[in-house]
Novice: 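After the structure tokens below, expect a handful of questions from me.
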2 protein chains.
Amino acid sequence: MTVRNRTRAAILAAAASALGRNRAATLAEIAEAAGVGRTTLHRYFPDREDLVRATVADSLRAIAENVLAARPHEGPAREALRRLIAAMVETYERSLFVWGEPAGVPEVDAGPGPAEADAAVRALIERARDEGAVDPAMSVDWVQQILWAVTYTGGEAGAKGQIARGGVVDLVVRTFEGGVRPAA
Amino acid sequence: MTVRNRTRAAILAAAASALGRNRAATLAEIAEAAGVGRTTLHRYFPDREDLVRATVADSLRAIAENVLAARPHEGPAREALRRLIAAMVETYERSLFVWGEPAGVPEVDAGPGPAEADAAVRALIERARDEGAVDPAMSVDWVQQILWAVTYTGGEAGAKGQIARGGVVDLVVRTFEGGVRPAA
DNA sequence: ATCTACTGGAACACTCGCGTTCCATAGTGG
DNA sequence: CCACTATGGAACGCGAGTGTTCCAGTAGAT
């Protein structure tokens, strides 16, 4: 039983990574990256669509888990935001796959986690607004999209080595906070 | 002669649009979007790689043209930045193809335009820094990446109708300027 | 009006990734 | 030690997309 789970997890991780870099990645490539035969891959995920959907669901679940682990409800909004950004920068590669799809991601049932995490982030943004850290004139949607965009940019810059290891979170936090701060 | 150029341009525009939405777009789809037979498409671009390279080069050239048309060297840096952002938001769809490639774009020779445009943007950022509008502690690379990220986010939000037609440029400018402003 | 260049449809072979089946092997649990 | 399960390699048919060729129709130039 454990064996199955480990194999499955390895395939999903490899798929998230490979598909994140190149959505047209071959099943053979994914199988090789997972250290698994193509036959085995097909045993776990009968066809490509199954694999993609499972990978999306798994990644969404992993991201949501990370978001909620950052305790977005607790403490001052700015501190919670920093925790959130730090968590997102860490899961950067996982997000790549979900986030980097121009055509969007197929709708999958990934349980209540992602919806809950999304609601928590939105609530956090509203809380930050009430605390005067976010411009009330900006919609929550916009602020959230900027949050992901800046985080993504930071993650990528970090991955390319353009920014020192420890400096990424600081830079992202500063840039994000400045961008959405009230004008006055 | 003119006919050839018009056909060629139509194909390149259709390819930029189709490949921007979906990098795996079929040649038949692209041909149909261009209002051209697949045979004709092959006549202009013998194989897929030729088409992709030509489309990349054409898009880079178009983007560079727009950047330079915004006169990034002239006037106060903040005004030039606003002109630049307005131009980029307008060419948003064209940029999608070049910008939205996770795996990056094949290296192509697109003439001196793109390099010149890139240099102009970097010079503009340095000028903005000297005028006190950009934090000297942030690298030009980072500021430039944030500029594209925020512009892209604005373009997308506008395309989805989340933001009022006229408001996109204002929102992007405000968010960008706030994000990269000196701390004090 | 005629000639030329451009076009696009049809048909073809070819490649490549996909999904399947079969079988031999290795590792696990009783 | 003996089932039993998971694995992966080999081989196959299949379909889609690609690149090519041939040919008939058409629009533009002279």
Side-chain angles (χ1 to χ4, degrees), chain A residues 1-59 96-97 100-108, chain B residues 1-59 96-97 100-108:
Chain A
M1 217 42 159
T2 353
V3 181
R4 289 196 65 85
N5 290 340
R6 251 188 298 124
T7 304
R8 185 184 158 88
I11 293 175
L12 288 176
S17 173
L19 293 174
R21 282 193 298 274
N22 167 25
R23 97 185 335 66
T26 291
L27 293 188
E29 289 169 7
I30 295 173
E32 190 187 354
V36 161
R38 195 164 67 90
T39 308
T40 300
L41 192 154
H42 270 110
R43 227 186 302 273
Y44 282 82
F45 306 97
D47 58 29
R48 177 178 248 273
E49 194 189 340
D50 287 322
L51 176 62
V52 171
R53 296 172 73 90
T55 305
V56 170
D58 187 62
S59 292
L96 243 186
F97 168 54
E101 299 280 296
V105 128
E107 293 180 17
V108 300
Chain B
M1 218 40 158
T2 354
V3 181
R4 289 197 64 87
N5 289 339
R6 252 187 298 121
T7 303
R8 186 184 156 89
I11 293 174
L12 288 175
S17 172
L19 293 175
R21 281 193 300 272
N22 168 25
R23 103 197 317 76
T26 292
L27 293 188
E29 289 170 6
I30 295 173
E32 190 186 355
V36 165
R38 196 164 67 90
T39 309
T40 301
L41 192 154
H42 270 109
R43 226 185 302 273
Y44 283 82
F45 307 96
D47 58 29
R48 178 178 248 274
E49 193 189 341
D50 286 321
L51 176 62
V52 171
R53 295 172 74 89
T55 305
V56 170
D58 187 61
S59 293
L96 243 187
F97 169 54
E101 300 278 298
V105 129
E107 293 180 17
V108 300

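Every chain is numbered from 1, with letters handed out A, B, ... down the list of sequences. None of the values given here were measured: they were computed from a predicted structure.
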Novice: Of all heavy-atom pairs between A:Thr7 and A:Thr40, which one has the smallest distance, and what is that distance?
Specialist: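 It is CG2-CG2, 4.2 Å.
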Novice: I'd like to know whether A:Leu27 forms a side-chain contact (heavy atoms from CB on, under 4.5 Å) with A:His42, so could you lay out the CA-CA distance, the side-chain angles of the two residues, the decisive distance to 0.1 Å, and finally the verdict.
Specialist: CA-CA 9 Å; A:Leu27 293 188; A:His42 270 110; 3.8 Å; yes
Novice: Quickly work out the A:Ile30 CD1 to C:dG19 P distance and round it to whole Å.
Specialist: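 In whole Å, C:dG19 P and A:Ile30 CD1 are 11 Å from each other.
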Novice: With distance as the sole criterion, do the side chain of A:Arg43 and the base of C:dG19 form a donor-acceptor contact below 3.5 Å?
Specialist: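 By the distance-only test, no, there is no pair.
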Novice: Can a donor-acceptor pair be found, under 3.5 Å and without considering hydrogens, that links the side chain of A:Ser17 to the backbone of A:Ala13?
Specialist: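 No.
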Novice: Side-chain N or O of B:Thr7 versus OP1/OP2 of C:dC6: is the shortest distance under 4.0 Å?
Specialist: no
Novice: Figure out the NE2/C1' separation between B:His42 and C:dC6, and round it to whole Å.
Specialist: 17 Å
Novice: Could you tell me the separation between the CZ atom of A:Arg8 and the C1' atom of D:dA6, rounded to a whole number of Å?
Specialist: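 Computing the A:Arg8:CZ to D:dA6:C1' distance gives 16 Å.
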Novice: Taking side chain as C-beta onward, heavy atoms only, is B:Leu51 less than 4.5 Å from B:Ile11?
Specialist: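 Yes, their side chains come closer than 4.5 Å.
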Novice: Atom CG of B:Asp47 to atom P of D:dG17: distance rounded to whole Å?
Specialist: 17 Å
Novice: Reading DNA chain D from 5' onward, which residue's closest nucleotide shows up sooner: A:Leu41 or B:Ala24?
Specialist: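 With A:Leu41 and B:Ala24 compared, the 5'-side residue is A:Leu41.
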Novice: Counting just side-chain N and O atoms, does A:Thr39 come under 4.0 Å of either OP1 or OP2 of D:dT7?
Specialist: no
Novice: Strictly below 4.0 Å: does B:Tyr44 bring a side-chain N or O up to OP1 or OP2 of C:dC6?
Specialist: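 No, outside the criterion.
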Novice: Given side chains that start at C-beta, do those of B:Arg8 and B:Phe45 come closer than 4.5 Å, heavy atoms only?
Specialist: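 Side-chain contact under 4.5 Å: yes.
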Novice: Polar atom pairs between nucleotides 11-17 of chain C and protein, under 3.5 Å, N or O only, would you list them?
Specialist:
none

Novice: Under 3.5 Å, is there a donor-acceptor pair between the B:Arg43 and B:Thr39 side chains?
Specialist: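 No donor-acceptor contact under 3.5 Å links the two side chains.
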